[in-house]
*Asks:* 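Here you go, one structure.
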Amino acid sequence: MSEKVLMKGNEAIAEAAIMAGCRHYFGYPITPQTEIAAYMAKRMPKIGGTFLQAESEIAAINMVYGVSSAGKRVMTSSSSPGISLKGEGISYLAGTDLPAVIVNAQRGGPGLGGIQPSQSDYFQATRGGGHGDYHIIVLAPSSVQEMAELTIKAFELADEYLMPAMVLADGTTGQMMEPVSFDFEIKEPPAKPWATTGTKCERPHNIANSLYLDPEKLERINNERYKRYEIVKEKEAKAEEYLTEDAEIVVTGFGIAARIARNAVDEARAKGIKAGLIRPITLWPFPDKPFKKAAEHAKRFISVELSMGQMIEDVKLATECRVPVDLCYRVGGMIPSPAQVLESIEKAAQEVK
Amino acid sequence: MHFKRITLLAGHYGSGKTNIAVNLAELLSKTRDKVAIADLDIVNPYYRTLDSRERLEAAGVRMIVSRYANTNLDIPALPQEMYAVVDDRSLTCVIDVGGDDSGAVALGRLSKRIAEENDYDMFLVVNRFRPLTPDAESVAEVRWEIEAAGGLRFTGIINNSNLGRLTTAETVLSSVDFGKACAEATGLPLIATSIEASLLEELDGKVPDLFPMVLQKRPVD
């Protein structure tokens, strides 16, 4: 599939997962990500894969645990309330050091909320989401092309670092249709000598487990896991910078918010305001470096979010609060307009004069 | 062309049915008094005819839509005025059917009466750049699935091949053979090739039966 095709973001995720070698998908329907399941239901039987609509989100994530233990690439997807239900299972995956890909096409919350786009699961995703000390890798696509790219990346990172990886999308990126190219080179998945594939009486048992009877051992495992997280932070943090070099006003946002913010930055530049954009592509690990660098010359940051202000905390942490950070937001399924972001930029530019 | 009393648009999910339905209703409203657009989509809560409310109201098109379309209530509801489509024969109707066979199921409620009256066309909307319908064989498969689910026979094909905002005249030209192949594989006549209006000048004379459209607004560029 090297020619471009026209796809919904959700469909692109599903096709990319298949390209990455995922042959096992478990899910439970919820808007706005149902196209992922629908696509898998159509494609998987034709390529010898498994599509299974589980009886609940909790069942689906535990099926993911099973397949991952057996060493195969596996994915589940849901939207905000469904991800909360998967929280326990994600914690178990992290506690067992198992790779898996989880897609969250976020919708407005809290509670049942609505079916329109949101980014208000940022805290849940970047802090782990379930119980216990752990992280998952969180990738934030802002186009249909990136939905595909980052899904493949999620499988690779999950396998490399033996931890769950999440594609944190939203209702808009999931639903919008854009041309996408599947010209990807897929690396062979790494060997998984830890997989529970049967000993054939030739090796000791492999055990997939997150229960430790000995607290000293559990402490040691936690410490080792956090050493691995340090490597992930060092090597995998990623952001896109746009006109940041001389920027006095640095706008930031991920996913759909970044697209809107970029338009506003262009408009601000046209008006003579030195505005720039940092778009985090990984949300965990958070790309501290470009923020630290920008804080040396920027007079103000503006975090554009479809939430009441969640990523803004990581921006403050990354810049050690050296520069004030404004919030520009909409919630409840509403999307900020480029005009709203531009207004925030102009206001900030006035204040820092 | 001569339009029947009822024109239905059906096809694969995301093939462009709604854009064609909205533009067709607008076109019909120029020559006919009572034009209605009926949204029978029970599958997708997004990208509905309701997104073009201002345009359709300005054209005097009556909108027959579920009161829950474009709200947070995500249930497969049909519009309460739906039976006007078959009861009021003074109406000229464009029906936007939901995608795939799962979307066409809702048509079963009306198909018998539409077939009895026999003053309808049902067009299969195709886009070769949709990954699950890249060739005539897959289109023919979708055709049977939709007819079986909706209980109504197609009468023609509209080639709506496009790559979203990357669509050029070249994109459309590269789909001409695909349109013909779909017609051949299904035995259905190719009725039109629908294009974004700005491409009309470039394609006029090169592709027969062009249907220029003003596309619905996107939520984000």
Side-chain angles (χ1 to χ4, degrees), chain A residues 1 3-8 10-12 14-15 18 29-32 34-35 38-39 41-43 46 79 107-108 112-117 142-145 148 170-182 255-263 266 306 332-338, chain B residues 12-19 42-48 51 68-76 98-103 125-135 137-138 141-142 145 160-168 170-172 174-175 178 196 215-221:
Chain A
M1 226 196 268
E3 197 185 22
K4 277 197 162 66
V5 289
L6 185 66
M7 284 182 118
K8 292 201 173 228
N10 286 336
E11 296 172 333
E15 185 59 40
I18 289 169
I30 182 170
T31 305
T34 304
E35 292 83 6
Y39 197 92
K42 277 210 157 75
R43 288 276 279 126
K46 291 181 179 167
S79 177
R107 53 188 258 178
L112 210 43
I115 61 170
Q116 303 298 338
S142 75
S143 67
V144 175
Q145 184 65 43
D170 64 75
T172 306
T173 42
Q175 293 296 323
M176 66 189 183
M177 285 179 92
E178 288 184 326
V180 47
S181 156
F182 282 87
I256 198 68
R259 278 173 81 125
I260 298 156
R262 192 179 168 120
N263 287 336
D266 284 339
L306 277 69
M334 304 304 292
I335 303 175
S337 65
Chain B
H12 176 48
Y13 188 64
S15 58
K17 301 171 292 295
T18 302
N19 265 314
I42 53 163
V43 177
N44 189 354
Y46 309 99
Y47 300 107
R48 305 286 291 257
D51 295 345
Y68 304 118
N70 281 12
T71 72
N72 273 332
L73 192 55
D74 180 19
I75 55 168
D100 288 329
D101 46 344
S102 44
V125 181
V126 297
N127 178 357
R128 71 167 278 236
F129 298 102
R130 292 285 289 146
L132 296 185
T133 56
D135 49 37
E137 290 70 41
S138 49
E141 201 176 312
V142 168
E145 286 169 1
N160 186 50
S161 294
N162 74 88
L163 268 174
R165 61 187 157 79
L166 288 192
T167 309
T168 62
E170 197 48 50
T171 315
V172 179
S174 78
S175 77
F178 165 79
E196 209 263 298
L215 302 182
Q216 298 210 100
K217 270 196 210 125
R218 299 165 194 277
V220 176
D221 280 325

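Letters go in sequence order (proteins before strands), and every chain restarts at 1.
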*Asks:* Would you mind checking which part of B:Leu73 comes under 4.5 Å of any heavy atom in chain A, side chain (CB onward), backbone (N, CA, C, O), both or neither?
*Replies:*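 It is neither, since no heavy atom gets under 4.5 Å.
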*Asks:* Under 4.5 Å heavy-atom distance to chain A, tell me which part of B:Asn162 shows up: side chain, backbone, both or neither.
*Replies:* both
*Asks:* Could you tell me which of A:Met177, A:Gln175, A:Glu11 has the largest number of non-hydrogen atom pairs under 4.5 Å with chain B?
*Replies:* A:Gln175
*Asks:* Output yes when a side-chain donor or acceptor of A:Arg259 lies under 3.5 Å from a complementary backbone atom of A:Ser142, and no otherwise.
*Replies:*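 Indeed, once roles are kept as given, a pair shorter than 3.5 Å links the two residues.
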*Asks:* Are any side-chain N or O atoms of B:Asp51 and backbone N or O atoms of B:Lys217, one a donor and one an acceptor, separated by less than 3.5 Å?
*Replies:*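 Flag not set: sc B:Asp51 to bb B:Lys217 has no pair under 3.5 Å.
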*Asks:* Check side-chain contact (heavy atoms from CB on, under 4.5 Å) between B:Glu137 and all other residues, then give those that pass, not counting sequence neighbours.
*Replies:*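 Once residues adjacent in sequence are excluded, the partners of B:Glu137 under the side-chain contact (heavy atoms from CB on, under 4.5 Å) criterion are B:Asp135.
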*Asks:* Using heavy-atom distances under 4.5 Å, tell me whether A:Pro338 contacts chain B through its side chain, its backbone, both, or neither.
*Replies:* neither
*Asks:* Can you tell me if A:Gln145 uses its side chain to pair, donor with acceptor, with the backbone of A:Ser181 under 3.5 Å?
*Replies:*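 Flag set: sc A:Gln145 to bb A:Ser181 pair under 3.5 Å.
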*Asks:* Taking B:Asn127 for the side chain and B:Gly14 for the main chain, is one N or O donor matched with an acceptor at less than 3.5 Å?
*Replies:* no
*Asks:* Contact part of B:Thr167 toward chain A, heavy-atom cut-off under 4.5 Å: side chain, backbone, both or neither?
*Replies:* neither
